[in-house]
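First the structure, in the form of structure tokens, and then the observations on it.
Numbered from 1 within each chain, the chains take letters A, B, ... in sequence-line order.
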Amino acid sequence: MDHFDEAGAAVEAALDAGARYADARVMLRRTEIMSARDGEIEDLSSDESAGIGVRALVGSSWGFYAVPDLSAAAARAAGRRAAEIAAASARVPGPAIDLVPARAQTASWASPCEVDPLSVPLSTKGDLLVAATAAARDAGADLAEGLYQIWDTRKWFVSSEGHRIDQHVRECGAGITASAYGDSEIQRRSWPSHRGQYASRGWELVDELALTDHAARMADEARALLTAPLCPSEETTLILGGEQLALQIHESVGHAIELDRILGWEAAFAGTSWLDLGRLGSLRYGSELMNITIDPTIPGALGSFGYDDEGSPAVKRDAVRDGIWVGVLAGRDSAAVAGLDYAGSVRSDGWARLPMVRMTNVGLEPGPHTLDEMIAATDDGVFMDINRSWSIDDRRLNFQFGCEIGYEIKNGKRGRMLRNPTYTGIGPKFWQSMDMLSSETVAWGTPNCGKGQPGQVGHTGHPAAPARFTGVRVGVRG
Amino acid sequence: MSAELDLAARVVELTRRLAGAAAEAEVVAAHSAEALTRFANSAIHQNVAEATTTVRLRLHLDGRTAGGSTTVTDADGLRSLVERTIAAARLSPPDTAWPGLTPPTPLLAAPGFDEATAAAGPEERATRVREFVRAAGGLETAGYCRTAYASGGFANTLGQAVKGRSADAAMDGIARLAGADGVARRAGGRLTDLDGAELGAIAAAKARAGAQPIELPPGRYEVVLEPTAVADLLDNLAGFGFNGKAFAQHQSFAELGAQQFDESITIADEPLGATLPFDAEGTPRDTLILVEAGVTRAVSHDRTSAAEAGTVSTGHASPASRSWGPIAADLRLAPAPAPAGASGRPPGSAPGGVPDRSSGSAPGGGGQTGTGPVAATARALMAGMHRGLLVTDLWYTRVLDQKSLVVTGLTRNGVWLVENGEVTAAVGNLRFTQSYPQALGPGSVLGIGTETVALPDRWSGVRYTAPALHLASWNFTGNASG
């Protein structure tokens, strides 16, 4: 059963109520989350949400209204209401809004999925988390936690320009964490990432993670961290593992190239960007090794789709090429304001939320080296991996990240484990210091990117490989 | 019986029919309507509204537990919810931590509910935005005005059946001038208490005072934190320190009965009137004193964490609290007692001393008249500072170590150098790395403002009430330029 008719009715009603453009999305989403602790299931929730969200453009303003009722009558009422809300915005009008041209699309798209994660028996999924957390606990963790999440989303999109697109996106992922308690602090080790690995794939992804196989090592390392020496406070050469680099890309590149931030649309909440559109195409963002792409076409990555939530097809673009800033994440309205000729990066986290500029897969193209080669080429430095904390200023310049684990590097060899490793810097200065880059790329999934008001949780992907940076301040402490 | 309580009761009955009399089930049906008018570059650019009814069922069957929810509330949708939750429970691994259901317990009386706020339309929000923009006097502005309404019903197979509703309004905006941002924000139960013009004037005054900032070297500085910054302390204390699950798992600094804070610190959770009067397990909400005169007295619990800690639920269950822990969402730091004979407190502003839920926060309390960078509630504290920093907002704070609650983050929306009680220069944003309990520890609190301000959380649905704070030391570890 499709829902094009309801979406179409909402669009027609919005136009009849005075909108000069309208679109509507019907979304059905099923989610399943299970968590476990110390060999026992802690929580299991299976949720279902269905509704329609209508976007109407009246004058210079958007109006948006959403209801969980998929009847044609409710859809028409929602369309009218969206137009009324947009009209109320005329009390504080802004410049006229245009939309970059789009070709009407009639299409259907589905993410790749070998094993439907919702069809895997709950007992099988539960047994996995029980076994993995029990293994970590048995190996000495004071607290062992595990989690999987599944999202199954179907959506039907119709616009007043003739779009009719349906998509089926299946996403899932999982991870475990082992904690060890000291007298005054707690150390954690996580596999495969601090919140797990996620992708637009089926349960085969979770099977590949082999959670139980890594549980004992996580527990061992967490305990070892309690007595490891502190990361020194110094300026040194820093090698980051791919998972941490993925978050570095997310925070200091991905958010900075969001066009709505650059235009000031997120100024009061998420913040703005240090980037100035006048320097698009000429500003040096990083070293010549830095090639960042915006690529929602990567099969199975968490930020992949066929069409974004205003009907623009997925297209790969450059954001940074040879270290020069060349592209942004844009929607049809923000691109028109900026004088750009492309969109394609607008999504919402559900039928009840207004689509907005969102990262897709923002990733760093690989380099020629391996992690081992980078360590061998480093006389004195620190290796850090697996994010533990993240903070960056509202212009996306000053960052400070903490990692779960660090190792000193001396004379080309990985040495002692280091506790509480942190590093800090300024985005462009940091990226300009990147002098070695690995080929060992993984498309890490970030399922918890917060943005917008009312708040939305975005799913983004970040292909990243280990990389080396020089002259970085590490070991920031309170 | 409300529509939501009726809905919850029907799902309980359906569950009994399909799962048998031995099933333990609890159902929350909640209708929420949220509308938000967002402005940027001094124009409304996003204007949104949604209305949703969600039914959430948690079922314990043969020693196993599963939960589920749906927004599809017709007969087929509800039956589907019950059937899949039963199926999930039967396939789930055993739940040895099941704490049982909330027995029939009456609700406490909550403060009045404002119908006008619940029914507010986009024009009323847009009018406040217009007033904010005008009051900023030509400075670039951005922010939002929000109204929200919730009506909920809870029923379980043990006979607990309660209902309630709440309304909420908030406004949060910045004014910008030559790279300097000033902010003003307020939350409350009545939209009419939000004065867009007052808030716009405050934000503009701060922005105008932020020009040509100097940079200061990292180090420990004495600080006056304005209420907007203090809200972040309350947020992190609630999420990591007073979280009953973290406490039960020995991940929190909290030690009940210990003098962990300065004796001037009293913190309470005051949910009545700010949210539904019961939690996701049907436990009635009430004021919970977390810290009294510097002594940690309690943490927030749902039934699971309470059972693990050997105590009773404090009414802080949420759909996610079994996984993430029960978190208090309406924290209030008590202000200092007003000086004897003081008469300058605006009507309705909260007096000092132990929190009293009958006293709301003042519309305009803690504000200023539109000149200078200092909130009224911070002025007296600033006057007592020899050399230190006046901080408006803390931003992007993240926990480095949960046990000691060491947090890193940045200042935002205005920092000023204060010398001999006077603002002498605007300062560029600074990064800090600081243990929050240590900053509030015995002997570390030099003063507390006599007025509180109710503030919305940056996300939604959470409210903090705070005075300004004068602290002996705050550890700044860098400035925004590196």
Side-chain angles (χ1 to χ4, degrees), chain A residues 35 40-51 60-68 81 85-86 88-89 91-94 121-123 126-127 130 143 181 184-186 264-265 267-269 352 354 389-394 397-398 400 402 422 424-426 429 453-455 476-478, chain B residues 34 36 38-41 43-52 66-72 84 88 91-93 95-96 122-123 126 129-130 133 142-144 173-174 249-251 322-323 395-396 398 400-403 406 408-410 412 429 431 433-435 459-460 475 477-478 480 482:
Chain A
S35 60
E40 297 193 2
I41 295 303
E42 191 167 59
D43 204 9
L44 164 63
S45 182
S46 173
D47 303 315
E48 178 183 47
S49 179
S60 63
S61 301
W62 289 109
F64 178 83
Y65 191 66
V67 288
R81 187 68 178 142
I85 290 171
S89 303
R91 293 183 180 219
V92 194
L122 281 166
S123 53
D127 288 348
V130 165
L143 177 69
Y181 295 173
S184 60
E185 67 180 29
I186 296 168
W265 296 358
F269 177 58
L354 180 72
S389 69
W390 62 101
S391 175
I392 190 164
D393 71 31
D394 52 303
L397 275 171
N398 177 297
Q400 179 173 313
T422 58
T424 189
I426 300 293
K429 182 179 172 190
Q453 293 174 305
V476 183
R477 283 195 272 280
Chain B
E34 182 174 0
L36 187 144
R38 224 173 167 204
F39 58 109
N41 299 319
I44 293 174
H45 72 120
Q46 290 172 4
N47 209 345
V48 304
E50 57 99 4
T52 310
S69 72
T70 188
T71 63
V72 183
R84 68 183 154 85
L91 288 170
S92 296
D95 175 10
T96 58
E123 295 80 8
V129 169
R130 183 177 64 196
V133 172
Y144 73 81
I174 61 168
Q249 295 178 354
H250 310 290
Q251 294 184 311
R322 271 197 128 190
S323 293
W395 161 251
Y396 218 129
R398 290 292 182 272
L400 295 178
D401 181 71
Q402 183 168 339
K403 186 83 174 176
V406 173
T408 188
L410 298 121
R412 189 177 174 183
N429 281 323
R431 173 171 291 286
T433 305
Q434 172 68 53
S435 162
W459 199 239
S460 74
N475 185 34
T477 49

Which atoms of [X] approach chain A - backbone, side chain, both or neither, heavy atom under 4.5 Å:
X	result
B:Leu36	side chain
B:Arg322	both
B:Gln402	side chain
B:Arg84	side chain
B:Ser435	neither
B:Asp401	both

For chain B, the option from A:Ser61, A:Gly264, A:Ala66 that forms the most heavy-atom pairs under 4.5 Å: A:Ala66
Does any part of the side chain of [Y], heavy atoms only, come nearer than 4.5 Å to the side chain of [X], both counted from C-beta?
X	Y	result
B:Leu410	A:Asn398	yes
A:Arg91	B:Val129	no
B:Thr433	A:Gln400	yes
A:Asp394	B:Trp395	yes
B:Tyr396	A:Ile392	yes

Nearest non-hydrogen partners of [X] and [Y], listed with the distance:
X	Y	result
A:Tyr181	B:Gln249	OH-O, 2.7 Å
A:Ala50	B:Thr71	N-OG1, 2.8 Å
A:Ser391	B:Gly409	OG-CA, 3.7 Å
B:Val48	A:Pro454	CG2-CD, 3.7 Å
A:Ser389	B:Leu400	OG-CD2, 2.8 Å

Heavy-atom proximity to chain B below 4.5 Å, by part of [X]:
X	value
A:Pro93	backbone
A:Arg81	side chain
A:Ile186	both
A:Tyr65	both
A:Ser184	backbone
A:Glu40	side chain
A:Leu354	side chain

Looking only at B:Ala43, B:Ala40, B:Ala51, B:Gly67, most heavy-atom pairs under 4.5 Å shared with chain A are made by B:Gly67
Of all of B:Asp95, B:Val406, B:Asn475, which one pairs up most often with chain A through heavy atoms under 4.5 Å apart?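 If we count pairs closer than 4.5 Å to chain A, B:Asn475 comes out on top.
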Please work out which of the three classes, parallel, tilted or perpendicular, describes the rings of A:Trp265 and B:His45, given edges at 30° and 60°. tilted
